[in-house]
Amino acid sequence: MSTLAGKHIVLGLSGGIAVFKSAELCRALVKAGVTVQVVMTEAAEHFMTAVTLQALSGRPVYTSQWDPREANNMAHINLSREADAIVVAPASADFMAKLLHGGADELLSLMCLARPLDKVPLIVAPAMNREMWSNPATQRNVLQLKADGIHVLDVGQGDQACGETGDGRMLEAEEILEDLEAFFTPKVLAGKAVLVTAGPTYEAIDPVRGITNLSSGKMGFAIARAARMAGASVTLVAGPVHLPTPRGVQRVDVRSACQMLEAVQLHAHAAHVFIATAAVADWRPAHSADQKIKKDGSGVTPQLNFVENPDILATIAQSPRGASGELFCVGFAAESHDLLAHATAKRLRKGVPLLVGNIGPATFGQDDNALLLVDQSGARELPRASKQALAVQLIGDIAVRLTR
Ligand code: CTP
């Protein structure tokens, strides 16, 4: 379940063409279980009517500080006292300048000024033309807003409504949603660097053929996302998978087990936690042909010889940093039967403090899973749930282990 579920968010819209993304954001927030109260400036109403946002949020929209629906006629106080956060998206250049100076000549800025600083965080998603964004006045304002404790989200980059191209677009709705979810996630891994491997590896036979497996990478990607939400800086070394990179995660794409080992070794020295979820091929062809192997019509099939791939997890776990516990190593085991016995034996063989077992064929490519956490004192089951939810539980468990 999203950390946003059950939250009450005031979604403020200032004037900008990006309000069309706010409609999508409103919808996504409601879907995530958030109560959304929309407040619009007069400028925002030039771009979209309040009717649209009322329909999407299921609540009347506020546009005026003189709204007579409030018994005490103090919408700015009442709305901000109910909120878990105020999110202004889009935040125009003018609106940010106004926030900076404590301007309060309409409901949205008045409400931001009147919010209890210690209880109601203010998060803004800037949106403007690239020249406006890079103008020293805006950049100065952004720095000052941050210094004032306001959370200023990044801007996107690309084509702009005005026809120019550059920085200043408002983030997409799903990116803002990810950032809001991260904002509300307890930072149990703050200051930690987490390295994750995910997906299958691909071992080339020739330029067009190879050996791989059915790992989808979903579990590893979910773990990378959960670790980033928990405040870690995350590097994700991924085999060939078609999954979007979780927001805020540094991704390194590799193909073969040897490339994966190289990338992992490069990043392991700075990591505090290494989580090996990748389904690494145990063997690779001893020789990979430079050209496509052709049938010669004789009916004789090519003979493939294999060599064993390096064991990435064991290599890292048994390195000085892994063995000393300075780098906390977590292995995964995909088994087809006798999960507890195999996971227990594998934990010892790999030399890791924690091994996470799952039944491989039942989970490959699926969105849910069940995990068995095996350590030196025994085993604990994380019952069947979505891979996202299990990833959050696993990251919470690892964070506790780091403090022991
Ligand atoms: N692993 C690894 N490098 C390898 C093989 C496995 O890093 N060459 C890691 C996996 O990422 C996982 C753990 O080791 O974290 C266990 O992987 P698994 O394939 O289940 O185990 P194997 O060592 O291959 O053992 P077996 O095939 O006998 O079950």
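Counting starts at 1 for both ligands and their atoms, following the listed order.
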Query raised in the report: Under a 4.0 Å heavy-atom cut-off, which residues neighbour ligand 1?
Result: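 Residue list for ligand 1: Ala276, Ala278, Val280, Asp282, Pro310, Asp311, Ile312, Leu313, Gly331, Phe332, Ala333, Ala334, Lys346, Arg349, Lys350.
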Query raised in the report: Do Asn305 and His287 have side chains that get closer than 4.5 Å, going by heavy atoms?
Result: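 Sidechains of His287 and Asn305: no contact.
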Query - Sub-4.5 Å side-chain heavy-atom contact between Lys292 and Arg209 - result: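 Contact flag for Lys292/Arg209 side chains = yes.
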**Report entry** Aromatic ring proximity Phe328/His272, centre distance under 6.0 Å
**Finding:**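 For Phe328 and His272, the ring centres are not under 6.0 Å apart.
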Query raised in the report: Does the ring of Tyr62 carry Arg69 above it, NZ/CZ under 6.0 angstrom from centre and within 45° of its axis?
Result: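 Yes; both conditions hold, so Arg69 lies above the ring face of Tyr62.
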Query raised in the report: Does the distance from a Lys or Arg side-chain N to an Asp or Glu carboxylate O, for Lys387 and Asp367, drop under 4.0 Å?
Result: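 Asp367 and Lys387: not salt-bridged.
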Report task. Check ring-ring contact (aromatic ring centres under 6.0 Å, His included) between His337 and all other residues, then give those that pass, not counting sequence neighbours. Result ->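 For His337 the ring-ring contact (aromatic ring centres under 6.0 Å, His included) partners, ignoring immediate neighbours, are His342.
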